[in-house]
Amino acid sequence: MDLYQLFKTRTPIIGVVHLLPLPTSPRWGGSLKAVIDRAEQEATALASGGVDGLIVENFFDAPFPKNQVDPAVVSAMTVVVQRIQNLVTLPVGLNVLRNDGKSAMAIATCVRAQFIRVNVLTGVMATDQGLIEGEAHQLLRYRRELGSDVKILADVLVKHARPLSSPNLTVAVKDTIERGLADGVILSGWATGSPPNLEDLELACGAAAGTPVFIGSGANWENIGTLMQAADGVIVSSSLKRHGQISQPIDPIRVSQFVEAAHRNWNSKGESKSSSSIKLHS
């Protein structure tokens, strides 16, 4: 997976658009227009603040099914992603929670999105949705069947979950890449908003042997310089929201602060930001 080819930078910042509750979810508000409006506002705020990519999640649909989501969720997410793509030129990805990689792959392929996130690609994890088994064999064959080149970013020992087998990080990273054929791996803390520790990131990067490693949670403008010493990119959301509260919309000022803090660290290592990745469609 060539990060520069995809994101126009070798150290991408991927901002998350958390969708308001979608049809069939317990908190669905009855208006898809409200979902689209909020998503468009957040995507624009993230792009204007300088992120290098976006990932769209049905975050507020909790409690999630552990595998396949309702077709109405797939339909709604497809519409929302297309609307976002009409506004911004950034690469866009999808995460269909909790672990519907097949639907994410289908949407991404149809709308020509660039990547998806899969929470459990390999192994078995005990979660609040029950036991979730990796479905790499189905997902990789489905991608081949679709003739798709959508990249798969896979969590390793994903947050809000515990592995049933021994939680050996090195083995988990290698299995995810070598046996699950992930294009990139994601390392998070134990929960939303909690960062992975630097030692684990260093272990993961060593085990990944050149496959990109992303920070999946807990990054903020204070710790990003430290965390990125041992990672190739970051997926960020909570710290970019108003007052740092997960339920609030994206705050453009916080986005700019985060991006500036990240670039201060990367520029010292010779990384330069491509201005073309933050242009908006007129």
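Residues take their numbers from the sequence shown, with the count starting at 1. These numbers come from a predicted model, not from an experiment.
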J.: Before accepting this row, confirm whether a basic side-chain N of the pair Glu42/Arg38 lies closer than 4.0 Å to the acidic partner's carboxylate O.
T.: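 Looking at Arg38 together with Glu42, the answer is yes, because their closest N to O distance falls below 4.0 Å.
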J.: With salt bridge (charged side-chain N to carboxylate O under 4.0 Å, His left out) as the criterion, how do Asp37 and Arg83 come out once you've worked through the C-alpha distance, each side chain's angles and the decisive distance to 0.1 Å?
T.: CA-CA 9 Å; Asp37 288 348; Arg83 294 290 290 264; 5.3 Å; no
J.: Can you check whether Phe64's main-chain N or O pairs, donor with acceptor, with Asp61's side chain at less than 3.5 Å?
T.: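 It does not hold such a pair.
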J.: For a quick check under 3.5 Å, do Ser247 and Gln245 share a side-chain donor-acceptor pair by atom type?
T.: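 On atom types as modelled, these side chains do not qualify, holding no pair under 3.5 Å.
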J.: For the atom pair OG (Ser75) and CG (Asp70), what is the distance rounded to the nearest 0.5 Å?
T.: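 If we round to the nearest 0.5 Å, Ser75:OG and Asp70:CG are 8.5 Å apart.
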J.: Is NZ or CZ of Lys102 both nearer than 6.0 Å to the six-membered ring centre of Tyr142 and within 45° of the ring axis?
T.: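 Yes - Lys102 lies over the ring of Tyr142, closer than 6.0 Å to its centre and within 45° of its axis.
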J.: Which atom pair, heavy atoms only, marks the closest approach of Ser217 to Gly189?
T.: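 That closest heavy-atom pairing would be OG-N, 3.0 Å.
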J.: Specify the closest pair of heavy atoms between Ile250 and Ala45, including all atoms of both residues, with the distance to one decimal.
T.: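 What the structure gives for the nearest pair is CG2-CB, 3.8 Å.
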J.: Just to verify, which of Val236, Val16, Ile235, Val255 counts as forming a side-chain contact (heavy atoms from CB on, under 4.5 Å) with Val51?
T.: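 Of all the options given, the one that passes is Val255.
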J.: Under 3.5 Å, is there a donor on one side chain and an acceptor on the other for Asn119 and Asp155?
T.: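 The answer is yes; a qualifying pair exists.
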J.: Any chance you could measure Arg144, atom CZ, to Leu139, atom CG, to the nearest 0.5 Å?
T.: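 Reported to 0.5 Å precision, the distance equals 14.0 Å.
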J.: Which atoms form the tightest heavy-atom contact between Arg143 and Val150, and what is the distance?
T.: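 Of all heavy-atom pairs spanning Arg143 and Val150, the closest is NH1-O, 2.8 Å.
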J.: Strictly distance-based, threshold 3.5 Å: is any side-chain N or O of Asn99 a donor or acceptor partner for the main-chain N or O of Val120?
T.: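 The answer is yes, because a donor-acceptor pair under 3.5 Å joins these two groups.
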J.: Parallel, tilted or perpendicular: which one describes the rings of Phe214 and Phe7, with boundaries at 30° and 60°?
T.: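 Phe214 vs Phe7 ring planes: perpendicular.
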J.: Should the pair Asp149-Arg112 be classified as a salt bridge under the 4.0 Å nitrogen-to-oxygen rule?
T.: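 Salt bridge flag = no for Arg112 with Asp149.
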J.: For Ala182 and Leu121, work out which heavy atoms get closest and say how close.
T.: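 Between these two residues, the closest heavy atoms are CB-CD2, 3.8 Å.
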J.: For Leu169 and Ala204, which heavy atoms make the closest approach, and how far apart are they?
T.: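 Closest approach of Leu169 to Ala204, heavy atoms only: CD2-N, 4.3 Å.
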